[in-house]
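Just so it is clear, the structure is predicted and the values come from calculations on it, not from any experiment.
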Amino acid sequence: TLSLHLFNVYAVVDRVIPTSKSPDVGVHTQVDLSLLTFIPSIDEQDILLKELTFQFASSVIEHHPKLKQNFQHIYPIHLKHKYSQFAGLKTTQYPLGLFDCNENKTQEIIQLMKTLSDLFVPIKDGDMVEPVFFGGDRLTDERVNGAQCAMKNENSPTERLEGFISKIEDFHRLMNFLEAIHKLTYDTGSGRDPCTMYYYRNLLNARNVKGHVKNSYRPYKQLFYTVLDALCIVHFLHHFHLADLDSEIPFPDNFMQMTNEDKIDWLNETCRTILKGEFFDNEDDIFSSLRKILEDPNHEENYWVSCRQNQRFHCHFCDRNYACVGSLKAHEERVHNYIARVQKKTQSKEQRKLKDYISMLFKLILIHRNLDEAVDMGDGERSTRSAKYELPIYHKTGKTKYTIGSIHLTALVSGLLSPQQTERLIANRFVNVQGGANNNIALDEYLEMLNRDSKIACRGHQTKESILKHSKEYPLLVEMTKHVE
């Protein structure tokens with residue numbers, strides 16, 4: 001049995017052409033970004049509240065009979081955003097074929113990028129006209145960055161592989177974020193504990209929810225979304241002190257005479273009030289504690305990073321310095337007998353763990369669905385903003401690669417790129433093969449579908465050489481067979 005490592009590449013034509021006329025000069029490496037850039041600002045949290053209001057209202061309309069009767073035909077199914085006029089357009093994509101490249105070998109990645117640079121990066125009079133975005137999962141992003149670092153001492157931009165700007169795509173973000181939520185909320189030993197995710201998995205007889213999330217992503221997502229919809233209904237009923245779905249909703253007295261816009265405004269205001277309490281805990285800034293730490297260099301939480309100079313961590317007591325903060329901690333503990341003690345908040349005995357668990361579940365799944373809907377609706381701004389909310393969760397669950405990926409994505413759209421490249425990165429993150437404003441999919445999800453079908457189509461060729469030779473034919477063959485009865 002041969003283990004073939006092949007690299008599948010396809011090109012997608014941008015639906016949105018940037019209006020900015022600034023030159024495309026690649027990534028600016030000298031930009032000094034504030035740490036506050038990587039957490040949501042108060043204005044961005046206001047935008048999140050608007051987005052979650054749309055989600056919450058759509059959920060209760062779908063699952064509450066009386067709300068469905070009154071709002072099903074008047075509530076919008078698409079949340080308007082900057083690029084809504086382009087979201088329903090079909091994208092044009094071209095298969096570039098399979099390349100003989102093992103992603104685990106830096107030298108082969110370098111050779112692949114040199115080949116792609118010669119073929120697809122625009123060059124005029126020996127100079128690079130503009131760089132091209134190169135997307136993939138976090139592993140691909142890491143490998144491309146590693147290849148560029150290995151070649152950074154070359155003379156020309158082309159030889160330094162600067163013709164590509166690596167970026168992380170959204171489908172693998174969704175999958176890894178659900179893995180992080182699963183790690184925080186799902187325990188197979190809690191089957192007898194009511195209100196836990198595994199309890200609901202057994203209650204709903206969701207037998208396809210098993211194993212790793214990456215192997216059963218859609219069943220896990222369906223289970224979590226089912227619980228989220230139930231929580232939305234519970235919060236809605238609790239807000240009006242209703243016992244069940246048959247109880248009468250206290251609509252305004254003149255509700256039947258109200259215009260459709262006024263009815264939608266009433267529902268949105270109700271959902272906004274619920275979310276302000278259940279998601280934002282009646283605070284204007286849910287990141288206030290973290291913001292205080294980032295704003296104060298002398299805060300006790302910053303003890304180990306405040307001594308960083310010239311990319312080295314310096315000892316607080318002597319002249320030694322280290323490349324890694326872990327080495328500095330070990331040095332100060334061993335040589336200077338210093339152990340940093342950070343005060344931890346103690347939970348009161350009366351704190352109800354079940355309520356905290358359900359609250360965490362509600363918030364995390366809402367953030368995941370917000371990113372999921374951003375992909376469906378082609379909302380690149382919402383998708384890139386979501387990285388700031390994912391970042392603490394990746395860090396807490398030990399997903400270091402996607403922690404770095406979130407930081408990288410936020411940095412790219414916060415000043416590392418020119419305005420024209422930033423808009424291109426934000427607006428053109430999706431593929432739409434059938435048309436419709438809510439039918440977009442992430443670029444890497446489309447490639448996964450292409451990989452799945454290509455593995456079936458290539459069975460007629462028995463050698464690596466023949467597979468590579470005919471690789472551009474596979475997508476055409478797959479598309480043709482879809483129309484054969």
Side-chain angles (χ1 to χ4, degrees), residues 45-72 74-76 79 181 184-186 190 192-204 206 221-256 258 262-286 347-370 372-373 389:
Q45 293 177 53
D46 291 338
I47 297 174
L48 178 67
L49 176 58
K50 177 183 176 182
E51 295 163 352
L52 298 186
T53 298
F54 177 84
Q55 279 190 62
F56 191 97
S58 300
S59 176
V60 293
I61 289 172
E62 179 66 24
H63 298 95
H64 195 294
K66 291 184 174 60
L67 289 177
K68 190 171 187 177
Q69 177 183 351
N70 287 283
F71 289 95
Q72 181 180 15
I74 65 174
Y75 200 83
L79 182 61
I181 296 173
L184 291 172
T185 62
Y186 195 91
S190 61
R192 296 186 178 182
D193 299 331
C195 300
T196 61
M197 283 304 304
Y198 194 67
Y199 172 85
Y200 286 124
R201 180 261 187 195
N202 294 338
L203 181 67
L204 298 172
K221 185 177 79 167
Q222 185 62 39
L223 173 63
F224 277 94
Y225 283 7
T226 300
V227 173
L228 174 62
D229 289 330
L231 288 173
C232 290
I233 289 293
V234 168
H235 287 315
F236 185 84
L237 296 178
H238 179 73
H239 176 73
F240 287 110
H241 306 288
L242 304 178
D244 50 42
L245 294 177
D246 295 327
S247 303
E248 288 295 330
I249 299 175
F251 291 113
D253 295 336
N254 60 339
F255 182 78
M256 299 308 298
M258 294 170 63
D262 290 338
K263 292 179 180 178
I264 292 174
D265 289 341
W266 173 82
L267 179 60
N268 282 341
E269 184 58 36
T270 301
C271 296
R272 189 179 298 111
T273 302
I274 295 172
L275 286 168
K276 196 68 178 175
E278 299 297 337
F279 188 94
F280 290 90
D281 300 324
N282 294 314
E283 295 183 4
D284 294 328
D285 183 12
I286 55 177
Q347 297 181 345
S348 61
K349 295 181 180 180
E350 295 77 15
Q351 190 170 13
R352 292 174 293 176
K353 292 184 178 180
L354 179 59
K355 184 178 185 302
D356 293 339
Y357 171 83
I358 294 175
S359 177
M360 176 178 66
L361 198 62
F362 177 68
K363 294 175 182 179
L364 293 180
I365 307 176
L366 263 181
I367 294 174
H368 185 278
R369 181 183 267 184
N370 191 49
D372 199 9
E373 287 192 355
Y389 298 96

I need the [X] [atom1] to [Y] [atom2] distance, nearest 0.5 Å.
X      : Y      : atom1 : atom2 : value
Lys353 : Ile358 : NZ    : CD1   : 14.5 Å
Ile286 : Phe279 : CD1   : CZ    : 5.0 Å
Asn70  : Lys263 : CG    : NZ    : 6.0 Å
Leu366 : His368 : CG    : NE2   : 12.0 Å
Met360 : Ile365 : CE    : CD1   : 9.5 Å
Asp262 : Leu267 : CG    : CG    : 13.0 Å

Q) Does Lys276 count as lying over the ring of Phe280, i.e. NZ or CZ under 6.0 Å from the six-ring centre, within 45 degrees of the axis? A) yes
Tell me, yes or no, whether the heavy-atom count around [X] atom [atom1], taken from other residues, nucleotides or ligands under 6.0 Å, exceeds 12.
X      : atom1 : answer
Asp281 : CG    : yes
His239 : NE2   : yes
Asp253 : CG    : no

Q) Is there a side-chain contact between Glu278 and Leu231, using heavy atoms and a 4.5 Å cut-off? A) no
Q) Asp193 versus Tyr198: any side-chain heavy-atom pair under 4.5 Å? A) no
Locate the shortest heavy-atom distance separating [X] from [Y]; write the atom from each residue and the value.
X      : Y      : answer
Cys232 : Phe56  : O-CZ, 3.3 Å
Thr196 : Ser190 : OG1-O, 3.0 Å
Asp372 : Lys221 : OD2-NZ, 3.1 Å
Ile264 : Pro76  : CD1-CD, 4.1 Å
Asn282 : Gly277 : OD1-CA, 3.5 Å
Leu354 : Cys195 : CD1-CB, 3.8 Å

Q.
Please verify the inter-ring angle class for His235 with Phe362; under 30° counts as parallel, over 60° as perpendicular, anything in between as tilted.
A. perpendicular
Q) Using 30° and 60° as the class limits, which term best fits the ring planes of Trp266 and Phe255: parallel, tilted or perpendicular? A) perpendicular
Q. Is the backbone N or O of Leu49 less than 3.5 Å from a side-chain atom of Asp46, with the two atoms forming a donor-acceptor pair by type?
A. no
(Q) Under the rule for side chain to side chain contact (heavy atoms under 4.5 Å, CB included), what residues qualify as partners of Ile47, not counting sequence neighbours? (A) Glu51, Arg385
Q. Sequence neighbours excluded, which residues qualify as side chain to side chain contact (heavy atoms under 4.5 Å, CB included) partners of Ser359?
A. Lys363
**Q.** Test side-chain contact (heavy atoms from CB on, under 4.5 Å) applied to Asp265 and Glu269, step by step
**A.** CA-CA 6 Å; Asp265 289 341; Glu269 184 58 36; over 6 Å; no
Q. Does a side chain donor of either Tyr389 or Asn370 reach within less than 3.5 Å of an acceptor in the other side chain?
A. no
**Q.** Where at least one partner belongs to residues 56-66, residue pairs that pass side-chain hydrogen bond (donor to acceptor under 3.5 Å, both in side chains), sequence neighbours excluded
**A.** Ser59-Asp229
Q: Please list, chain by chain and in numerical order, all residues satisfying ring pair (Phe, Tyr, Trp, His ring centres under 6.0 Å) with Phe54, sequence neighbours excluded.
A: Tyr75
**Q.** CA sep, side-chain torsions, deciding dist, call: Tyr186, Leu223, side-chain contact (heavy atoms from CB on, under 4.5 Å)
**A.** CA-CA 11 Å; Tyr186 195 91; Leu223 173 63; 4.2 Å; yes
Q | Counterpart residues, side chain to side chain donor-acceptor pair (under 3.5 Å), relative to Tyr199 (two or more places apart) | A | none
**Q.** Partner residues of Gln45 under the side chain to side chain donor-acceptor pair (under 3.5 Å) criterion, sequence neighbours left out
**A.** Asp285
Q: Using the side-chain contact (heavy atoms from CB on, under 4.5 Å) rule, take Leu361 and Phe224 through it: C-alpha gap first, then chi angles, then the decisive distance, then the call.
A: CA-CA 9 Å; Leu361 198 62; Phe224 277 94; 4.1 Å; yes
Q: Take Glu248 and Phe240 through the side-chain contact (heavy atoms from CB on, under 4.5 Å) test and state the conclusion after the steps.
A: CA-CA 10 Å; Glu248 288 295 330; Phe240 287 110; over 6 Å; no
